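Shown next, in structure tokens, is the structure this report addresses.
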Amino acid sequence: MVKFSFFPFDVDLDIEDKPYVLLFGRTREGNKICVKHEFYPYIWVVLNGEEGEVRNTLENIDEVDINNIEKHTKILAGKEIDVLKVTLQTPNQMPTLRNILEKKGIILLEGDILYTRRYLIDNDISMFREYIVEGEETTPFPHCRCVIVDSIKKGDEIYSDFSNILAFDIESYPDMKSQDTPILMISFASENYKKVITWRDVEPREDYIEIVDGELGLLERFKEIIHERNPDIITGYFTDGYDFPQLQKRAQKYKIKLDIGVDNSRLSFGRGRRDEVNIKGTLHLDVFNLTKNMLRQSLKTDSLKLDDVAKELLGEKKHEVNIMELGSAWDDRDRKKLHKYCEYNLQDSLLTLNLCLKLLPSVIEMVDIVGLSPFDVSRLSLSQMVEWFLIKNAPKHNNLVPNKPTHDEVKERYDKILAGAFVFEPHPGLYHHIVLFDFKSIYPTIIASHNLSGASLRCKCCRDKHEVPLEGDLWFCQKKKAFLPEMIEDLIERRTRVKEIMKEKKTPLLDARQQGLKLLANSFYGYLAFNPSRWYSFEAANSTTAFGRYYIRLVINKMTEEGFKVIYSDTDSIFTTVEDEKEMGRVKKIVDEINSNLPGIMELEFEGHYPSGIFISTKEGKGGAKKRYAMIDDEDHIVIKGFESVRRNTSKIAREVQKKVISIILKENNPDKAFDYVKKIITDIHKNKLEVDDFIIKTRITKELGSYESIGPHVEIARRMEKSGIKVEAGSLIEYVICLGKGKVRDRAKIPHDADVSEIDSEYYINNQILPSLGKIFEVLGYNVDDLVNEQKQSKLEGFF
DNA sequence: TGCCCGCGGGG
DNA sequence: GTGTACGCGGGCA
């Protein structure tokens, strides 16, 4: 018998004579360990008819080994029901059991909750917390000990030694035409460790640089380093989608295995379209996922490129090198240039490591709140986090988890149109001295205080108590809190308690906790209205926005009464202008007054002051208006929201013009100049003053050329390339320009190399690439967009004469 | 109009 | 491994 304390960071399963859940973690002494815990999966069977009959049916199923059948009374959708808990001998018989029972028309519940997730919830295991284990040592894995659990108890500590995190980043031979080019270098960064391995000589050859023998040597050394360091956490940026898949491809080429699991198992890739890479016994966190899922709405930047995210969160940048030129430096064996790329490569790992360290407290807290492994939590969307938070808490409230809606049910839900938030936009335009307020957590507080949920809808006890500011026969129970609103209330209360503690002592972990609690609470409305939700309720979601519109109107009216000009308002935010900065004090006072009159925990928060900003009309779309504005803050940063994010399949010229226009308007405060700039660009385009390069559009081929049902310009070009003997694989990035001529866009697409500037279809680029993002901006500023177009006709003539 | 398809993040 | 992304916009059919 051994006794020790450890911090689990990942979970897996292993079916031997018995089914085991594996908890991978680090002991207090600093060794990696695998803790094996026996666990049996189960499912709930709804008792519609005679109990004995159902038991009889179950007992006569030969295909699976049922361990136990137990009767329970539970709550589903606010009502008590009788169910049988059916426990199986092994998780891999579950699909069989489900199939058999579904065919017999028996209703099952919680049959799709994964085995390891079920274990974590039922045993109340929070990864990254301390557990004290007593058990028996058993056959170890090649790279860590194994202990079979006798007893497991929660300790007081939290995982806090971050020296075992290893970040890495690869650089491949850059080539647009192929996704399958050699990996040239790999960098690693950990506390007190940095390394770059590559297979060409560099100068100066610093200590951290190691030259290996060819790409195969690089891959072998990569594996070696992983096993040597045996990290708790491997991290990188977009490693799910790029680095690991790329490593895998290259390894296949050399017919070697990427066997970096603690049991020397290979990487496992998520099936289907979803990219996720799992390493047995090591937690793989992709910082890109973390940013996308947990941080996106709190970031100023719309772009999630490593460079942009690092700038905002760390105040650090990537090294400025042109990555496309790595290819020629490599071919030329330019040792000094290659050294620059080594430094660049290392910097990416360092940035990623620092981002990971910065975000880890949020992961640690989210894992505790939601009850899943960090691997899952980091890859889950917010609505899934809400769902798992509810699933984790359902048993504590004797609630059963509702089944996912069927495909048809989801489809039906799409037909119901939710009334959106209140949007106030009297005058789009350019404004100065903008003050922004946010209604903090307006939806969660509404859902909690008005008890909005499917289970509390139209109860028998509160008929005729119509609180909802909506037409129709709609009410929610006012006597008994339903499960979902109770959970939101719980989150809000927990956050208040954390903030109380933080007044005494502020730590990164506590701050991450209150942020996580807020994030989750704020995602409940989206969850209620999300069609595939288990706890979906059209009525509850619709009532939430109804109350929201009611409260935000209250504030707008108050501001207007006080003589301020509300220029824009959407959902939970209010933009007003002030004469000058001296008026700020008065604004804040009024906000305080509003706050003192708001019910309960509702709160209006001061978000910031912006010297100038431009607001665009948003009336087009049917599903409700969206935020579209660009503002400049006191530190001269441009904040852009809701403009089409600039994508790869936009030409360089369209990208440049949009950026430049926003900058001239906000930084130089000179719309005239911006307008003239665009006019000049349009003239230049007509006069063929630009280069073909400026017009290139890039689109990726993602499958076999023959399997396209719809032939877009990129497919057309790719087919032409094939005909002329150039092989085009899935993954190729096709470059093309749209030229003058007859027919569809695709008929007029040309390979940039074969096109002359004079052939470029100016109209296409102006109307489809440049104007869509700019037209609205100028419209709003009172410029006549037709002038841009008229000007072009003139200059076209000038071009002729 | 509906549907197919690529984008994002990486090099 | 009890499963398998997501919401949007452009262009074709």
Side-chain angles (χ1 to χ4, degrees), chain A residues 12-15 19 41-43 88 90-99 108 110-118 169-176 178-185 236-246 268-276 278 286-289 291-293 296 302-309 322-327 341 344-345 348 352 376 379-384 404 530-532 621 623 626 644-650 697-703 707-716 733-734 744-746 749 768-769 772:
Chain A
D12 208 330
L13 76 161
D14 194 4
I15 300 159
Y42 59 88
I43 196 170
L88 277 184
T90 160
N92 46 28
Q93 290 181 344
M94 190 56 86
T96 317
L97 178 65
R98 283 174 59 185
N99 269 330
L108 311 174
E110 304 190 5
D112 52 359
I113 293 174
L114 265 79
Y115 174 72
T116 53
R117 292 181 178 177
R118 173 94 272 167
D169 178 51
I170 69 171
E171 305 298 331
S172 297
Y173 189 97
D175 181 359
M176 302 278 212
S178 172
Q179 292 273 79
D180 196 12
T181 60
I183 296 169
L184 308 182
M185 46 182 72
Y237 204 83
F238 202 46
T239 34
D240 267 348
Y242 183 71
D243 300 63
F244 275 126
Q246 194 64 16
S268 78
F269 289 79
R271 302 254 168 115
R273 270 175 236 166
R274 191 143 146 228
D275 309 309
E276 48 180 47
N278 209 334
D286 182 340
V287 174
F288 167 66
N289 279 328
T291 322
K292 188 178 66 177
N293 296 328
R296 175 164 252 174
D302 249 10
S303 144
L304 294 183
K305 287 182 169 63
L306 174 58
D307 195 38
D308 295 314
V309 173
N322 182 345
I323 195 66
M324 293 317 286
E325 283 165 19
L326 168 57
Y341 285 102
Y344 166 85
N345 187 204
D348 279 8
T352 312
D376 286 335
R379 286 166 178 82
L380 247 35
S381 69
L382 279 175
S383 50
Q384 284 170 301
K404 284 184 193 156
F530 181 53
N531 296 323
K626 271 182 238 157
E644 286 91 57
S645 54
V646 190
R647 293 147 63 126
R648 177 167 64 210
N649 56 357
T650 316
I697 300 168
K698 300 172 188 179
T699 311
R700 193 176 298 288
I701 294 291
T702 57
K703 52 183 179 181
S707 61
Y708 276 92
E709 290 190 34
S710 167
I711 315 298
H714 63 300
V715 183
E716 173 68 24
L733 193 60
I734 302 296
K744 299 184 200 316
V745 174
R746 69 162 177 239
N768 294 45
Q769 294 260 320

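The structure displayed is predicted, hence computed values, not measured ones. A, B, ... follow the sequence lines: proteins, then strands. Residue 1 opens every chain.
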| query | Could you spell out the base pairing of DNA chain B in dot-bracket, with Watson-Crick or G-U pairs whose two distances are under 3.5 Å, [ ] crossing and | to another strand? | reply | ||||||||...
| request: Look at all strands and tell whether Asp175(A) reaches a base, only sugar-phosphate, or nothing, counting heavy atoms closer than 4.0 Å. | output: base
| task | Return the value, rounded to whole Å, for the distance between atom CD of Glu716(A) and atom P of dG11(C). | result | 15 Å
| query | Which part of the nucleic acid does Asp243(A) contact within heavy-atom distance under 4.0 Å: base, sugar-phosphate only, or nothing? | reply | nothing
| request: Using the P atom on both, measure dC8(C) against dG10(B) and round to a whole Å. | output: 23 Å
| task | Counting heavy atoms from C-beta on, name the nucleotide in dG10(B), dG1(C), dG7(C) closest to the side chain of Phe530(A). | result | dG7(C)
| query | Would you call Gln384(A) and Arg379(A) a side-chain contact if the rule is heavy atoms closer than 4.5 Å? | reply | no
| task | For dG10(B), take OP1 and OP2 only and decide whether either is under 4.0 Å from a side-chain N or O of Tyr173(A). | result | no
| request: Provide, to the nearest angstrom, the distance between the OH atom belonging to Tyr242(A) and the P atom belonging to dG8(B). | output: 15 Å
| field | Tyr237(A), nearest nucleotide to its side chain (from dG3(C), dC12(C), dG10(B)) | value | dG10(B)
| Which part of the nucleic acid, if any, lies within reach of Lys703(A) when heavy atoms closer than 4.0 Å are counted: base, sugar-phosphate only, or nothing? | sugar-phosphate
| For Asn768(A), which contact category applies under a 4.0 Å heavy-atom criterion: base, sugar-phosphate, or nothing? | sugar-phosphate
| With respect to the side chain of Ile323(A), which nucleotide from dG9(B), dG10(B), dG11(B) is positioned closest? | dG11(B)
| task | Report the nucleotide, chosen from dC7(B), dA13(C), dG3(C), that has the shortest atom-to-atom distance to any side-chain atom of Lys744(A). | result | dA13(C)
| Close side-chain approach of Thr96(A) to Asn99(A), heavy-atom, < 4.5 Å | no
| Arg746(A) side chain N/O closer than 4.0 Å to the phosphate oxygens (OP1, OP2) of dA13(C)? | yes
| query | Looking just at side-chain N and O atoms, do Asp308(A) and Ser303(A) make a donor-acceptor pair shorter than 3.5 Å? | reply | yes
| task | Starting from P on dC8(C), measure out to CZ on Arg296(A) and report it in whole angstrom. | result | 12 Å
| said: With a 4.0 Å cutoff (strictly under), does any side-chain N or O of Asn278(A) reach OP1 or OP2 of dG1(C)? | reply: no
| task | Determine: side-chain N/O of Ser710(A) to OP1/OP2 of dA13(C), distance under 4.0 Å, yes or no. | result | no
| task | Please work out if Ile113(A) contacts a base, only the sugar-phosphate, or nothing of the nucleic acid, heavy-atom cut-off 4.0 Å. | result | base
| remark: Picking from dG9(B), dC5(B), dC12(C), the nucleotide nearest the side-chain atoms of Pro713(A) would be dC12(C)
| query | Once you round it to whole Å, what is the distance between P of dG10(C) and CD of Gln769(A)? | reply | 10 Å
| In terms of base orientation, is dG9(B) syn or anti, with the syn window spanning 90° either side of 0? | syn
| Phosphate OP1/OP2 of dG9(B) contacted by Arg379(A) side-chain N/O (<4.0 Å) | no
| query | Out of dG10(B), dG3(C), dG11(C), which nucleotide sits closest to the side chain of Val745(A)? | reply | dG11(C)
| field | Closest listed nucleotide, where the reference is the side chain of Ile711(A) and the choices are dC7(B), dA13(C), dG3(C) | value | dA13(C)
| request: Figure out the CG/P separation between Leu13(A) and dG3(C), and round it to whole Å. | output: 13 Å
| field | Nearest-Å distance for atom pair CG/C1', residues Asp275(A) and dC6(C) | value | 13 Å
| query | Which of these nucleotides, dG6(B), dA13(C), dG11(B), is closest to any side-chain atom of Tyr344(A)? | reply | dG11(B)
| Among dG11(B), dC4(B), dG10(B), which nucleotide sits nearest the side chain of Glu171(A)? | dG11(B)
| query | Do the side chains of Tyr115(A) and Thr90(A) get nearer than 4.5 Å, heavy atoms only? | reply | no
| task | Remember a base hit wins even if backbone is also touched, and classify Asn322(A) as base, sugar-phosphate or nothing at under 4.0 Å, heavy atoms. | result | nothing
| message | Using the C1' atom as the point on both nucleotides, what is the distance between dG8(B) and dA5(C), in whole Å? | response | 12 Å
| Distance in angstrom units between Met185(A) CE and dG11(B) C1', rounded | 12 Å
| message | Counting the atoms with a prime plus P, OP1 and OP2 as sugar-phosphate, which does Pro41(A) contact under 4.0 Å by heavy atoms, base, sugar-phosphate, or nothing? | response | base
| Distance, rounded to the nearest Å, where Ile697(A) contributes CD1 and dG9(C) contributes P | 18 Å
| task | Indicate, with a heavy-atom threshold strictly under 4.0 Å, whether Ile15(A) touches base, sugar-phosphate, or nothing. | result | base
| query | When we call it a touch if two heavy atoms are under 4.0 Å apart, what does Leu88(A) touch: a base, just sugar-phosphate, or nothing? | reply | nothing
| Under 4.0 angstrom, heavy atoms only, what part of the nucleic acid is Ile183(A) near: base, sugar-phosphate, or nothing? | nothing
